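Read through the structure below, which is laid out as structure tokens, and then see the notes.
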Amino acid sequence: MASDMGASYGSTLRYKSVERMKPIGKHSLLGASGEISDLQEILRYLDELILYDNMWDDGNSLGPKEVHSYLTRVMYNRRNKFNPLWNSLVLGGVKNGEKYLGTVSMIGVHFEDNHVATGFGNHLARPILRDEWKEDLSYEDGVKLLEKCMRVLLYRDRSAVNKIQIAKITEEGVSISKPYSLRTFWEFTAFRNPTVGAEGSW
Amino acid sequence: MTKQHANWSPYDNNGGTCVAIAGADYCVIAADTRMSTGYNILTRDYSKICKLADKSLMASSGFQADVRALQKQLSARHLIYQHQHNKQMSCPAMAQLLSNTLYYKRFFPYYAFNVLGGLDTEGKGCVYTYDAVGSYERVGYSAQGSGATLITPFLDNQLKSPSPLLLPAKDAVTPLTEEEAVDLVKVVFASATERDIYTGDKLEIVILNANGIQCELMDLRKD
């Protein structure tokens, strides 16, 4: 899973080091877009969920499927009360060798797929993923593919920042990379003289 | 002084089409597997068909979150029924339950367009068709969802339903064989896919008869 680390407040880039991906329990990874304060609230809910699950101390632990189901109910019920949590969530994980990836929107619309995205990612990244994702993608190739998507988003999404993290989740656990930037190329001729085809533009 | 408008809607239309055809001793329920929002495709592989009981299947299109909530509600109620009565709910009983469940939220409706298909207590195919607030009717065949307007006239033509005004009421169940009905469904979805942008990707067909339940998946155009 990849996400950038920017959090805007309207047109202001307010926060530049926000971790929008968090491990949940032993088997899951949550990524979120939207209202950061609502994400923090969701993390509190999930913290309590995992805590109560651990307190049973029965050797069982909530897997990504269960956490995703919980989140879909939470989001849907808030929507029913006309007070939504303003987030788009991505929930991925591995449990007992079985991988899982799902998403929930702020009104409770949810599904699983081999690749998901939030916000502009649906417009710019999903088409790339539809073309290049395959079942036996290696981790390294997966990272390259995600970086390709994030690069396109960086070029074309006004609110994107060039500081990303990649998170990996396997049976062994979760690891979230240190923040790093993508290499970009701005020397295209069209970028050199951007107004050559539109005199008076800026 | 202009009226204040909400900046978000609790509803969305995730598209899709559902069809069901009742036969003498079978029922065919079909739906596409595309889930969209606006002009985007969210996923190409989402099932809109839910088995509520041994002899009742529901296909629903509309707002996916509401559809899912409705499916969970009905499945839970069926489980309670089984505990209390030690038997499966019949299709006509499930039909009434679905109607009541939908009307319960008359003033904040489930944005779900449902088609219930199954076998009645005599083993004959039955199809019930609904609107979003629970108004329902037993019919020989039905289409709901974004492609319904494209499909229904064609089914009317092919399945030659007797006039509902006739007395005594003539059975609307189709004389087609199971194979012919499945073929008709495939043809009908292929056509709807051509012109309806929300229908496509894959077609999921479920056939319910005395032998049980069979599933079939057919590819549709992905554009």
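It should be emphasised that the depicted structure is a prediction, and the values quoted were computed from it without experimental measurement. Below, chains carry the letters A, B, ... as their sequence lines are ordered, and counting in each starts from 1.
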More than 12 heavy atoms of other groups within 6.0 Å of [X] [atom1]:
X	atom1	answer
A/Arg78	CZ	yes
B/Tyr11	OH	yes
B/Lys222	NZ	yes
A/Tyr180	OH	yes
A/Arg130	CZ	yes

Check each atom of [X] against the heavy atoms of chain B and say whether the ones under 4.5 Å are side chain, backbone, both or neither.
X	result
A/Met75	neither
A/His123	side chain
A/Asn80	both

I want to check something: taking the side chain as every heavy atom from C-beta on, are [X] and [Y] in contact at a cut-off of under 4.5 Å?
X	Y	answer
A/Ile107	B/Trp8	yes
A/Val116	B/Thr43	no
B/Lys72	A/Arg73	yes

NZ/NE/NH1/NH2 to OD/OE distance under 4.0 Å, A/Arg79 and B/Asp12: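 Salt bridge: no.
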Heavy-atom contact with chain A under 4.5 Å, split by part of B/Ser9: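 Just its backbone gets close to chain A.
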Proximity breakdown for B/Ala69 and chain A, heavy-atom pairs closer than 4.5 Å: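 B/Ala69 touches chain A through backbone and side-chain heavy atoms alike.
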Inter-residue atom distance B/Arg68.CZ - A/His110.NE2, 0.5 Å rounding: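 Atom-to-atom, B/Arg68:CZ and A/His110:NE2 are 5.5 Å apart.
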Winner by heavy-atom pair count (cut-off under 4.5 Å) against chain A, out of B/Val67, B/Asp45, B/Asn14, B/Thr37: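 Top count of heavy-atom pairs under 4.5 Å with chain A: B/Asn14.
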Pair A/Asp113-B/Tyr46, side-chain donor/acceptor within less than 3.5 Å: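 Not at all, the side chains of A/Asp113 and B/Tyr46 share no donor-acceptor pair under 3.5 Å.
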